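Below is one structure, written out as structure tokens, with a few remarks after it.
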Amino acid sequence: MEKEDMNIVIVGHVDHGKSTLIGRLLADTGTLPQGRLEQVRETCRRNSKPFEYAFLLDALKDEQAQGITIDTARCFFKSKKRDYIILDAPGHIEFLKNMITGAARAEAAILLIDANEGVRENSRRHGYMLSMLGVKKVVVAVNKLDLKNYSREVFEEIQREYGEFLNKLAVSPLCYIPVSAFNGDNVAAKSERMPWYTGKTVLEAMDDFPSEPALSENVFRMPVQDIYKFTRDGDDRRIVAGTIESGNVKSGNRAVFYPSGKSSVIKTIERFPVGIIENSSAGDAAGFTLTEQIYVRRGEIMTIDGQDPPLVSSRIKANIFWLGKQPLEKNKKYSLKIGTEKTGAYIDEILSVLNSSDLSASAGEKIKCNEVAECIIETDKPIAFDIAEKLGATSRFVLVDDFDIKGGGIILSNVQEVEQDIREKVLLRNYKWEHSGLSAEHRAERYSQKPVLMVITGENNAGKKQLAKALERSLVENGRFAYYLGIGTFLYGVDSDIKSLNKEQLNHREHIRRFAEVANLMLDAGIILIVTARSLTASDISIIKMIVSGEVETVWVGGEITTDLTADLVVESKNVPVRENVYTLVELLKDKRYIFKF
Amino acid sequence: MNHLDTLENKSIHILREAYSQLGNLCMLWSIGKDSTVLLWLARKAFFGHVPFPLVHIDTRYKIPEMIEYRDKYTREWCVDMVYGENSTALSEKTTYPDGACSRIDCCRMLKTEALTHTLSGEWPRYRINHVTGRYERDSNTEPYTGVIVGVRADEEGSRSKERYFSPRDKNNDWDIGNQPPEFWNQYKTDFARGTHVRVHPLLDWTELNIWEYIERENIPVVSLYFDKGDGTRYRSLGCAPCTHCVESAAKTVSEIVEELRTGKFSNIAERSGRAQDKENGGGLETLRREGYM
């Protein structure tokens with residue numbers, strides 16, 4: 001029978017003996033490569049240091065000098081039942097991010113507590129992080145009992161104190177084990193020095209960790225990693241690639257992609273070198289071709305029609321842990337990565353800040369390093385996700401600041417968006433869309449352009465229309481497919497049924513919605529659409545972006561912006577010739593690769 | 001799903017992330033079994049294509065079969081092959097086999113320096129022309145900002161500390177104590193100018209996994225790994241003067257798998273045949289900090 005694999009992390013406070021426990025496990029079970037043990041013994045002899053099992057793992061010079069684990073070392077270990085990858089996570093508070101790196105890869109954890117020192121700050125913090133990371137299989141080993149004369153009272157007191165803490169987190173360890181890693185008591189063999197203990201050894205407890213249930217039973221979710229079109233040797237496949245997070249899929253299933261809501265039937269499931277396979281399931285690094293030529297992009301989640309869909313929103317409630325030296329601040333721009341999606345995001349509200357060591361909550365304006373908080377997050381682009389209690393994989397995200405991952409979080413719920421009704425209309429529209437027989441790439445190649453909506457806005461008489469028409473002329477004369485549309489034109493045609501003399505807010509919103517739907521059609525036809533509208537606000541643009549599936553660029557004409565809009569480009573119109581502004585806009589289109597071979 | 005499927009899927013996921021997220025990407029191909037498995041995984045990830053160049057550092061002391069093998073599969077799989085070397089050290093005869101320096105210093109010159117300067121584009125690169133079948137000086141001298149490498153965590157201490165996506169700063173430094181966190185399949189894919197990243201898709205694989213996978217997928221490997229009748233074979237490949245054969249009668253892939261699983265090598269470290277590791281307490285670690293793979 002095939003042996004199982006399992007990743008196990010060993011966590012706990014600094015100096016509570018994690019590396020020693022692992023070294024001991026390796027040595028006592030004879031799974032250590034001979035070369036390694038001799039090498040470390042030899043180094044110890046040469047440096048006149050007593051040999052310690054921990055040195056096996058703390059193999060780096062840095063660490064041997066300081067005597068602490070800086071990073072998560074991995075080692076491989078076999079029992080009769082399983083092959084294990086053991087991750088040794090640093091217990092020092094400064095290295096919480098490394099502890100998380102280790103623990104997030106693990107299915108199960110051994111949490112070590114030093115009998116001599118008792119429950120410490122990081123014993124609790126690591127317990128909290130395990131619950132947050134979703135590691136549910138936990139064993140607590142009370143170590144260094146040799147220093148306490150193998151006392152049953154000491155062991156039971158720690159079990160009581162720590163058990164109370166874990167209870168609050170709804171974590172219930174599978175067992176507590178009294179151990180001396182240094183002497184090997186209850187590690188691989190039962191200790192004769194603690195006859196009062198009749199439970200499992202560490203090794204037995206590991207082998208008794210239940211195996212992970214198959215994720216393929218759940219709903220189908222696959223974050224799209226990439227769309228491949230390799231043309232070498234006449235390959236004309238257009239392959240949607242990604243790793244399946246849960247569920248299973250067959251060719252012929254109808255796929256629906258979120259957040260766009262676009263859908264197509266799966267034509268083939270591709271696999272090298274065999275060619276085509278019939279089905280695929282959770283864990284597979286998969287690839288699909290589709291029957292309809294729909295435009296999907298990296299970041300969307302592929303799902304199966306008829307199953308429970310993911311949520312789509314740009315406002316979420318989440319639990320966050322923060323690891324950055326600089327505190328996490330409200331209203332500052334970060335990048336949020338969830339699955340393969342990446343978007344700008346900011347913290348809109350901090351609901352509570354939690355001390356992960358004593359679980360006390362407080363209000364706060366900032367989240368400092370190693371703190372945990374409940375927040376409302378607003379994202380630039382809508383994201384597709386599940387909530388944590390329903391599906392772990394698609395509820396987890398990280399926050400990036402200054403090029404590095406600085407925090408992580410799990411989504412608790414979505415928060416009602418102001419424009420929820422519009423979002424729902426768009427999802428249904430995309431789902432029902434009867435697709436053209438040509439792909440967007442095909443059109444882009446033919447026209448040497450990608451469609452984009454250029455929204456030119458500004459105060460009355462700022463020269464918007466003049467600029468827009470000049471840009472249209474310049475593009476068309478260079479062989480591009482561009483069209484100018486004044487938003488006012490709508491009022492007497494498309495909007496004739498809702499046009500009223502007193503300008504109500506609702507009508508304005510509907511006016512913007514209808515305009516955006518028409519713009520979306522024109523972009524689908526491959527056009528660069530240039531529109532002018534007076535003094536648009538941030539909320540107008542957010543409605544437009546919600547409806548238009550393609551790209552939107554905003555240009556404010558006339559210096560200072562007088563609404564709450566953040567424009568992609570601001571141009572002066574007084575004292576600047578129109579052709580100069582046209583040049584600036586064409587450069588923008590070239591820079592962002594909307595037009596090429598220009 | 002068995003353990004090889006799990007490893008394969010994870011590695012493919014990492015390769016696809018690298019291809020999607022990193023700028024000027026290349027993959028190192030040492031001709032050894034690990035980077036050959038990596039090349040096979042790339043062909044799986046990209047459905048038969050390898051959409052980035054493979055870079056090989058030629059020390060000119062490689063065992064001849066290795067170069068023959070490299071050029072055979074370069075042609076057969078139509079890969080974009082590039083090599084670089086330290087031509088100064090070779091022409092001025094300052095290497096260990098010339099009797100001019102220690103093994104470690106030789107590694108530093110012929111591998112580390114050659115590699116860092118080939119990646120940065122400062123030293124000449126030679127690229128295969130599939131029409132003529134010859135290597136030509138590459139006019140592209142743009143630095144590679146993403147480098148995919150086949151190191152495994154079980155090889156030695158410092159490699160067990162690696163991330164899947166491991167940043168290197170402007171001076172090529174690896175700041176082991178201050179690596180970015182990596183969790184939930186999210187990797188470091190954002191970079192300041194001038195920095196680059198090494199990608200390690202094989203980190204979780206062991207030597208045994210590599211051979212099991214070669215057996216399962218029927219991947220061609222260089223014949224030096226097999227005993228050809230004299231009772232010896234190479235377990236790990238490098239330069240001829242510093243890599244020694246091990247005593248073993250394994251003539252096929254499945255015999256190697258058996259030998260690693262239950263036989264004479266189930267308890268002996270793979271790099272035991274590499275002389276440079278033994279020169280000081282952490283020779284390889286020092287080299288790796290400087291840019292050795």
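Worth knowing before you read on, the calculation uses all heavy atoms, side chains too, and leaves out hydrogens, waters and symmetry mates. Here the structure is a predicted model, which means the values were calculated and not measured. First the proteins, then the strands, lettered A, B, ... as listed; each starts at 1.
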### Task
Give a yes or no on whether the ring-centroid distance for A:Tyr228 and B:Phe46 is below 6.0 angstrom.
yes
### Query
Between B:Trp184 and A:Phe397, does the ring centroid distance fall short of 6.0 Å?
no
Using heavy-atom distances under 4.5 Å, tell me whether [X] contacts chain A through its side chain, its backbone, both, or neither.
| X | result |
| --- | --- |
| B:Tyr187 | backbone |
| B:Phe191 | backbone |
| B:Thr6 | neither |

### Task
Run the numbers on B:Leu203 and B:Val151 for side chain to side chain contact (heavy atoms under 4.5 Å, CB included), then give the verdict.
CA-CA 6 Å; B:Leu203 219 46; B:Val151 304; 4.1 Å; yes
Where does [X] contact chain B at under 4.5 Å (heavy atoms): side chain, backbone, both or neither?
| X | answer |
| --- | --- |
| A:Asp402 | neither |
| A:Leu323 | side chain |
| A:Asp226 | side chain |

Tell me which of these, [options], has more heavy-atom pairs under 4.5 Å with chain B than the rest.
| options | value |
| --- | --- |
| A:Gly287, A:Gly242, A:Ser281, A:Ala286 | A:Ala286 |
| A:Gly275, A:Ala393, A:Pro273, A:Gly339 | A:Gly339 |
| A:Glu270, A:Arg232, A:Lys406 | A:Arg232 |

### ring-ring contact (aromatic ring centres under 6.0 Å, His included) partners for A:Phe385, two or more places apart
none
### Message
Within the supplied structure, the quantity of interest is the number of heavy atoms (other residues, nucleotides, ligands) at a distance under 6.0 Å from B:Asn129 CG; does it exceed 12?
### Response
yes
### Task
Classify the side-chain pair B:Ser20/A:Gln225 by whether it contains a donor and acceptor separated by less than 3.5 Å.
no
#### Entry: salt bridge (charged side-chain N to carboxylate O under 4.0 Å, His left out): pairs with one or both residues in residues 10-27 of chain B, sequence neighbours excluded
A:Arg298-B:Glu17
#### Entry: Under 3.5 Å donor-acceptor, B:Asn24 side chain and B:Thr145 backbone
no
### Query
Among B:Lys188, B:His49, B:Lys44, B:Glu217, who wins on heavy-atom pairs under 4.5 Å with chain A?
B:His49
### Query
For the candidates B:Ser11, B:Cys78, B:Pro167, which exhibits the highest count of non-hydrogen atom pairs separated by less than 4.5 Å from chain A?
B:Cys78
